[in-house]
**Student:** 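Next up is a structure, given as structure tokens.
These figures come from a predicted structure and were not determined experimentally. Numbered from 1 within each chain, the chains take letters A, B, ... in sequence-line order. These numbers come from the heavy atoms of this one structure, side chains and all, not from hydrogens, waters or symmetry mates.
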There are 2 protein chains.
Amino acid sequence: MDDAEGTARHGHGGRRAELYDAIRDDGQELAASLIQLLHAAAETSHLNPTDFQCLVLLRLGEPLSPGEIAARLKLATGTVTSVVDRLERQGLVQRDRHPDDRRRVVVRPVDPPAGDGDADGPEGPGGPGILPGFREPMMDLHERYSEAELETIADWLHRVGGVLRTFADRAR
Amino acid sequence: MDDAEGTARHGHGGRRAELYDAIRDDGQELAASLIQLLHAAAETSHLNPTDFQCLVLLRLGEPLSPGEIAARLKLATGTVTSVVDRLERQGLVQRDRHPDDRRRVVVRPVDPPAGDGDADGPEGPGGPGILPGFREPMMDLHERYSEAELETIADWLHRVGGVLRTFADRAR
DNA sequence: GACGAGTATCTTGATTTCCGAAATATTGAC
DNA sequence: GTCAATATTTCGGAAATCAAGATACTCGTC
């Protein structure tokens, strides 16, 4: 079904296949880099990988309950208690009881404050200093592209995110 | 690079800023999904997160020495010995001595064979079944785009990979 | 050739993290 | 008001991780 609409074998359609491969290879390389980055960032934060990843999840998304964290990180619920304990002890997160359902606890990141690390302006939602110094090179990179191209990139990113989220959700 | 310098404040240049934000937000969401996916995939592989991430690194890149793995994953060298022991015991990697420098060991993934999980054709270099069933939705997704757009995406992915790799390398 | 400095991997014992199951607290239905 | 259901925490044991020392190999120098 690859060449479904017929394009993949359209004379010089090999170009298209090349692009698929390039995107896949670059994507994999990027994933590998991300893994290493995850550990490097944890290291510099003086956090163990699990605690750090938990914190990233909270900062990049919405507040989560311990049970949710356990499900997403595939940890035992008891483990999450320890993780949140450690993060809370360091003042990085905060436990609040759910207003409606008081057996629930919501874990919220604390002090998500100033910018992306190299910017001091008010940062966007959920985007605190996970990766200090990352913003600038990305801005530089994006200057290379036209508005239309950025449109394409944003669209693609959004859709890939959807695919990945579907995958992540399915595994629960 | 088209209207390079002055565009970000060009009357309705707000559109550009919007796109920057969208790319950042979607990118972060994607990173969060990737973290969850990492643990889910480890779970289904019956591997602990560290072992799994080590395996991914080996499969997605070139064979690495234990010392290299330790540096990239920020682990003690002794830990890597255990990790590789476990992976080797399960037949997932293989230790080879370096031909020239025999105190060195190179860890190579074993049996990287058939496809991406849902494809049976010969898979590309280093791209075994890390994520079964991922190929198809991605192919479907990419059919939405023109060749020129794919060109843009591939280019962007490649360059972002470069930025991330720089970051990962710097932390060593 | 053999010696010593330098480098890479592998052991070992102590510490930390993680899991699994039972205990506690709260809700919602009957 | 009682009881089943759900969510979090506690607790002991197992596993993974670290730090430092031991071992093995290479390379430059004599």
Side-chain angles (χ1 to χ4, degrees), chain A residues 35-36 38-58 62-90 92-108 172, chain B residues 35-36 38-58 62-90 92-108 172:
Chain A
I35 290 179
Q36 300 175 53
L38 223 50
H39 290 266
E43 175 96 344
T44 62
S45 303
H46 305 287
L47 258 38
N48 76 50
T50 303
D51 292 3
F52 179 76
Q53 285 170 36
C54 174
L55 186 59
V56 169
L57 233 54
L58 292 172
E62 64 221 323
L64 262 33
S65 75
E68 262 297 301
I69 297 174
R72 300 202 186 200
L73 257 35
K74 303 290 173 192
L75 297 170
T77 60
T79 303
V80 175
T81 299
S82 311
V83 171
V84 175
D85 280 349
R86 287 192 291 267
L87 290 174
E88 195 174 35
R89 202 175 308 134
Q90 299 177 59
L92 295 170
V93 304
Q94 169 183 345
R95 263 187 255 243
D96 289 328
R97 295 218 86 89
H98 195 285
D100 302 333
D101 188 345
R102 275 210 312 249
R103 69 207 146 144
R104 270 192 186 147
V105 172
V106 290
V107 184
R108 292 193 314 114
R172 293 171 60 179
Chain B
I35 291 178
Q36 300 175 53
L38 222 51
H39 290 265
E43 175 97 345
T44 61
S45 304
H46 305 285
L47 259 37
N48 76 48
T50 303
D51 293 3
F52 180 76
Q53 285 170 36
C54 174
L55 187 59
V56 169
L57 234 54
L58 292 171
E62 64 221 322
L64 260 34
S65 76
E68 261 298 300
I69 296 173
R72 301 202 183 200
L73 258 34
K74 302 292 174 190
L75 297 171
T77 59
T79 303
V80 176
T81 300
S82 310
V83 172
V84 176
D85 280 350
R86 287 191 292 267
L87 290 175
E88 196 173 33
R89 202 175 309 133
Q90 299 177 61
L92 295 170
V93 304
Q94 168 182 344
R95 263 187 253 243
D96 290 327
R97 296 216 89 89
H98 196 285
D100 301 333
D101 188 344
R102 275 209 312 251
R103 69 205 147 147
R104 268 192 187 147
V105 172
V106 290
V107 184
R108 293 193 313 114
R172 294 169 60 181

**Student:** Is the backbone of A:K74 close enough, under 3.5 Å, to the side chain of B:E43 for a donor and an acceptor to pair up by distance?
**Tutor:**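 Pair absent, no side-chain N/O of B:E43 close to backbone of A:K74.
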**Student:** Can you measure A:E88 atom CD to D:dT8 atom C1' for me and round it to whole angstrom units?
**Tutor:**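 Spelled out: CD on A:E88 to C1' on D:dT8 is 13 Å.
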**Student:** Could you check how far CD of A:E68 sits from P of D:dA7, rounded to whole Å?
**Tutor:**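 After rounding, the gap between these two atoms is 10 Å.
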**Student:** So does A:L73 get a backbone contact from the side chain of A:Q53, meaning a donor-acceptor N/O pair under 3.5 Å?
**Tutor:**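 Answer holds: no.
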**Student:** What contact category does B:R97 fall into here, base, sugar-phosphate, or nothing, at under 4.0 angstrom with non-hydrogen atoms?
**Tutor:**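 Contact class for B:R97: none.
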**Student:** Is the CZ atom of A:R102 crowded by more than 12 outside heavy atoms at less than 6.0 Å?
**Tutor:**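 No, CZ of A:R102 has 12 or fewer neighbouring heavy atoms, counting only those of other groups under 6.0 Å.
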**Student:** Quickly work out the B:D100 CG to D:dC27 C1' distance and round it to whole Å.
**Tutor:**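 It works out to 13 Å between those atoms.
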**Student:** Determine whether B:V83 and B:I69 make a side-chain contact, defined as any pair of heavy atoms from C-beta on separated by less than 4.5 Å.
**Tutor:**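 B:V83 vs B:I69: side chains apart.
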**Student:** Do B:L57 and A:Q36 have side chains that approach each other closer than 4.5 Å (heavy atoms only, starting at C-beta)?
**Tutor:**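 In short, these two side chains touch, coming nearer than 4.5 Å.
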**Student:** Given side chains that start at C-beta, do those of B:V105 and B:V84 come closer than 4.5 Å, heavy atoms only?
**Tutor:**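 No, their side chains stay 4.5 Å or more apart.
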**Student:** Where does the chain A footprint on DNA chain C start and end, counting 5' to 3' with a 4.0 Å heavy-atom cut-off?
**Tutor:**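 Going 5' to 3' along DNA chain C, contacts run C:dT17 to C:dT27.
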**Student:** Establish, with yes or no, whether the OP1 or OP2 oxygen of D:dT8 is under 4.0 angstrom from a side-chain nitrogen or oxygen of A:R103.
**Tutor:**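 No, A:R103 has no side-chain N/O under 4.0 Å of OP1/OP2 on D:dT8.
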**Student:** Test A:H46 against A:Q90 for side-chain contact (heavy atoms from CB on, under 4.5 Å), laying out the working first.
**Tutor:** CA-CA 11 Å; A:H46 305 287; A:Q90 299 177 59; 5.8 Å; no
**Student:** Mark up nucleotides 12-19 of chain D, 5' to 3', with B wherever a protein heavy atom is under 4.0 angstrom from a base atom, S wherever such an atom reaches only the sugar-phosphate, and - elsewhere.
**Tutor:** ----SSB-
**Student:** In Å and rounded to the nearest 0.5 Å, what is the CZ to CZ distance from A:R103 to A:R97?
**Tutor:**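 Nearest 0.5 Å value for the CZ-CZ distance: 11.0 Å.
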**Student:** Starting at CG of B:D101 and ending at C1' of D:dA24, how long is that distance when rounded to a whole Å?
**Tutor:**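 Distance check: B:D101 CG to D:dA24 C1' gives 11 Å.
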